[in-house]
Amino acid sequence: MSGAACRSVLRATGSCAAASSSASSSSSGRRGWVATSTPCGAPRRGLSAAGSINVFNRDMKKRQKDWAAALRDGHQYDYLRDEVGSRVADRVYDVARTFPLALDIGAGKSHIAEHLSKDVVERLFLTDVSREALKQTRRSEIPTHRILADEEFLPFKENTFDLVLSSLSLHWINDLPGALRQIHQALKPDGVFIGAMAGGETLYELRCSLQLAETEREGGFSPHVSPYTAVTDLGNLLGRAGFTMLTVDTDEVQVHYPGITEVMTDLQGMGESNCAWNRRSMLHRDTILAAGAIYKEMYGNEDGSVPATFEVLYMIGWKPHESQAKPAKRGSANMSFGDLSKIGQPTSTEAS
């Protein structure tokens, strides 16, 4: 895709996200599974540009993702993103239509695109805050185009995309309602957003073990695992952003590790380390040892391994269009709920 074609979908604004966007075309064991670019002048602390609380240090998250993408053996940490990316792609196939132009927000190494075909998505834009991750996007039969952009400040024109995707990226957003509104704006009418993000029960084993160990050894605890969105809030957030025909469901992916050190090492290799402003930068060695012992005692398996649970929230929302089915008007029903119990019952007739 030419640079001119890429610019045709970008907002004509003076934001750093749009000005610094780089577009280029691209051509087409330790663990075991269990089935089951910020605009100029953006605030760093306190409140975000939209007035919401700034929980995460986005500059740190960018550095974490750049560091993880630059690892020589970084592919060995992609297992979770690959699995969730394939499940997001399955939901795209369920829609049963062809999307001429799609966008993947927080695409990383394009963990969704490799599971899609050009018969479903004809052209795909990949965005991420990490330049290093975009450099390593995988080959796909779909024509793809990479743009360096922050998920919190999308540089695209309104009514541009037929499909917007996101996998394991939105849980690092400070202003999630604002990001969902931007996604809604970027979609064409009757366009669909299909995404996945980490839910509130993610890494509860690690969180509990660290809190107990730190309380015992240091007399108190601080957060070492980032806060996540609860599934009960997600539907409301999508509705407030303007989406209709909502679908929200949850899934659990559980991975087994030798111990707590391997859990934390793999999170770092994924670029999923905590980047909250109120995090503690260091953990004492004896606290980590105590947390590891608690982890094995409370959650350990018979073979000595420990589980790490990732709760994944999947969401589907549509941008309204007049062709979509609409609910019937209130009071238009011709049968009451009381009559439903009589369905199938034999009717009595008088003998002649």
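Note that this is a predicted model, so its numbers are computed, not measured. Along the sequence shown, residues are numbered consecutively beginning with 1.
Remark: Ala213 pairs with Thr287, Ala290, Ala291, Ile294 by the side chain to side chain contact (heavy atoms under 4.5 Å, CB included) rule, at least two apart or across chains. Residues satisfying the salt bridge (Lys or Arg N to Asp or Glu O under 4.0 Å) test with Lys135, not counting sequence neighbours, are Glu132.
Pairing each heavy atom of Leu206 with each of Leu267, the nearest pair is CD2-CD1, 3.8 Å. The minimum heavy-atom distance linking Gln268 with Ser273 is given by the pair CA-OG, 3.3 Å.
Between Tyr299 and Tyr204, the ring planes are perpendicular. Angles over 60° get that label, and only those under 30° would be called parallel. Aromatic ring pairs are classed by plane angle as parallel below 30°, tilted from 30° to 60° and perpendicular above 60°; the pair Trp172 and Phe56 is perpendicular.
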Evaluate Glu272 against Arg81 for salt bridge (Lys or Arg N to Asp or Glu O under 4.0 Å), listing each step before the verdict. CA-CA 11 Å; Glu272 290 293 309; Arg81 295 188 186 279; 2.5 Å; yes

One pair to check against side chain to side chain donor-acceptor pair (under 3.5 Å): Glu114 and Ser140. What are the steps and the verdict? CA-CA 6 Å; Glu114 63 178 343; Ser140 169; over 6 Å; no

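A salt bridge between Asp249 and Arg91 is present, with a side-chain N of the basic residue lying under 4.0 Å from a carboxylate O of the acidic one. A salt bridge does not link Lys118 to Glu122: none of the charged side-chain nitrogens sits closer than 4.0 Å to a carboxylate oxygen. With respect to the salt-bridge test (charged N to carboxylate O, under 4.0 angstrom), the residues Lys62 and Asp66 qualify. One finds no salt bridge joining Lys188 and Glu158 here, because no Lys/Arg side-chain nitrogen approaches an Asp/Glu carboxylate oxygen to under 4.0 Å. Lys65 and Asp128 are joined by a salt bridge, as a carboxylate oxygen and a charged side-chain nitrogen come within less than 4.0 angstrom of each other. A salt bridge is defined here as a Lys NZ or Arg NE, NH1 or NH2 lying under 4.0 Å from an Asp or Glu carboxylate O, and Asp82 with Arg138 meets this definition. The pair Lys319-Asp190 does not meet the salt-bridge criterion, since no charged nitrogen lies less than 4.0 angstrom from a carboxylate oxygen.
In this structure, Glu201 contributes its side chain and Ala230 its backbone to no donor-acceptor pair below 3.5 Å.
Residues His184 and Phe243 bring their aromatic ring centres within 6.0 Å.
Each of Asp90, Thr250, Val88, Val248 was evaluated against Tyr314; a single residue qualifies, Val88, per the side-chain contact (heavy atoms from CB on, under 4.5 Å) test.
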